[in-house]
Amino acid sequence: MLREKPFFENNNNSLYSRPIVQNCNISECYNCKEISVWVHDHIVYPNTKIDIPANNDLPEHIKQLFEEAREIVSCSPKGAAALLRLCVQYLCKELGESGKNIDKDIAALVAKGLNPLIQKALDVVRVIGNESVHPGEINLNDNKEIAVKLFGLVNIICEQMISQPKQINELYSDLPKAKLEGIEKRDAKSKPDE
């Protein structure tokens, strides 16, 4: 019981009786009537996800990685961190970088004027994701909360780099045509002669 694992307890009353499984329980949800299997005080079925949904503007292939990370973070924080690092690598590619070297991609985004806070968020996910698959100083087995916080950072990066520009561009394109032309003329006048 103290090791939080299921175990058999033999029923010595009969030679032919089956052992009894201990430290394992089954429950039925009052709402949906689905069954859950518990070992000690942890649900092992159905697989539970952390309650941090992906940003709706994440591209579908990145959202799938995010969802996979949500499914495994409880049992494998290292695996989840590595998947989230891959999300960031693909996000860099979505933002016009090569997607081959995440460190160089982040540097290129910084050179293009990336918000320093977003650069820090990208680097946090990159470094922790790397540390999770290579021997390093960050032990996610001892601190699963770090892995969980990475989900929020990926969503913040998407919000700043994809969602907000998308919302601004949608509103901007809805301005009357005459106003857009006036803005273009104003901007053309303010550009220095080449």
Side-chain angles (χ1 to χ4, degrees), residues 2-6 23 36-169:
L2 294 176
R3 291 188 304 169
E4 300 182 3
K5 295 183 176 182
N23 214 20
S36 296
V37 178
W38 298 71
V39 172
H40 192 64
D41 61 352
H42 307 292
I43 295 177
V44 296
Y45 175 85
N47 192 11
T48 55
K49 294 180 182 180
I50 62 164
D51 192 24
I52 303 174
N55 182 308
N56 285 332
D57 289 324
L58 275 174
E60 195 56 40
H61 64 288
I62 299 173
K63 200 179 285 187
Q64 288 173 357
L65 290 170
F66 190 98
E67 290 300 319
E68 186 177 343
R70 284 181 63 208
E71 288 178 10
I72 68 168
V73 70
S74 294
C75 59
S76 179
K78 291 179 194 176
L83 286 168
L84 292 171
R85 182 206 174 278
L86 191 56
C87 287
V88 165
Q89 189 164 354
Y90 285 136
L91 266 172
C92 286
K93 192 170 183 176
E94 289 290 321
L95 298 171
E97 302 308 320
S98 72
K100 293 182 178 158
N101 182 318
I102 191 171
D103 196 37
K104 288 181 181 177
D105 289 349
I106 293 170
L109 290 169
V110 168
K112 293 177 183 175
L114 180 68
N115 179 330
L117 286 174
I118 300 305
Q119 173 260 311
K120 286 179 182 178
L122 287 165
D123 279 325
V124 167
V125 178
R126 176 185 65 82
V127 169
I128 293 174
N130 280 346
E131 292 280 320
S132 69
V133 293
H134 301 296
E137 299 173 15
I138 301 171
N139 186 349
L140 294 179
N141 289 334
D142 293 339
N143 195 345
K144 184 179 93 174
E145 291 78 27
I146 291 174
V148 170
K149 289 177 182 177
L150 297 181
F151 290 91
L153 286 182
V154 170
N155 277 336
I156 289 169
I157 294 163
C158 181
E159 177 68 25
Q160 291 284 313
M161 302 300 294
I162 296 176
S163 300
Q164 288 181 359
K166 177 182 165 187
Q167 292 167 7
I168 292 168
N169 287 331

Just wondering, are more than 12 heavy atoms of other shown residues or ligands nearer than 6.0 Å to CG in Asp51? no
Distance from Leu91 atom CG to Leu86 atom CG, nearest 0.5 Å? 10.0 Å
Got a sec: does the NZ of Lys112 have more than 12 other heavy atoms crowding it under 6.0 Å? yes
Between Gln119 and Asp123, a side-chain donor and acceptor under 3.5 Å: yes
How far apart are the closest heavy atoms of Glu94 and His61, and which atoms are they? OE2-CE1, 3.1 Å
Supply the atom-to-atom distance Gln89 CD to Ser98 OG, rounded to the nearest 0.5 angstrom. 8.0 Å
Given Leu153, which of Val124, Leu84, Ile128 fulfils the side chain to side chain contact (heavy atoms under 4.5 Å, CB included) condition? Val124
With a 4.5 Å limit on heavy-atom distance, are the side chains of Met161 and Leu114 in contact? yes
Mind checking whether Leu83 and Ile72 have side chains closer than 4.5 Å, heavy atoms only? yes
Atom NZ of residue position Lys63 - does it have more than 12 heavy atoms of other residues, nucleotides or ligands inside 6.0 Å? yes
Result for side chain to side chain contact (heavy atoms under 4.5 Å, CB included) between Asn55 and one of Asn155, Ile156, Ile62 points to Asn155
Residue pair Ala80 / Phe151: nearest heavy atoms and the distance that separates them: CB-CZ, 4.3 Å
Any idea which heavy atoms bring Arg85 and Gly129 closest together, and the distance? CB-CA, 3.8 Å
How long is the span from the CD atom in Glu159 to the CG atom in Leu58, to the nearest 0.5 Å? 10.5 Å
To the nearest 0.5 Å, what is the distance between CD (Glu67) and CG (Leu65)? 10.5 Å
Do you know which two heavy atoms are closest between Ala108 and Glu97, and how far apart they sit? CB-OE1, 3.1 Å
So which heavy atom on Arg70 is nearest to which on Pro53, and how close? NH1-CA, 4.0 Å
Taking atom CG of Leu122 and atom CG of Asp105, what is their separation to the nearest 0.5 Å? 10.0 Å
Side-chain contact test, heavy atoms from C-beta onward, threshold under 4.5 Å: evaluate it for Pro77 versus Ile146 and give yes or no. no
CZ on Arg126 to CD1 on Ile102, rounded to 0.5 Å: 7.0 Å
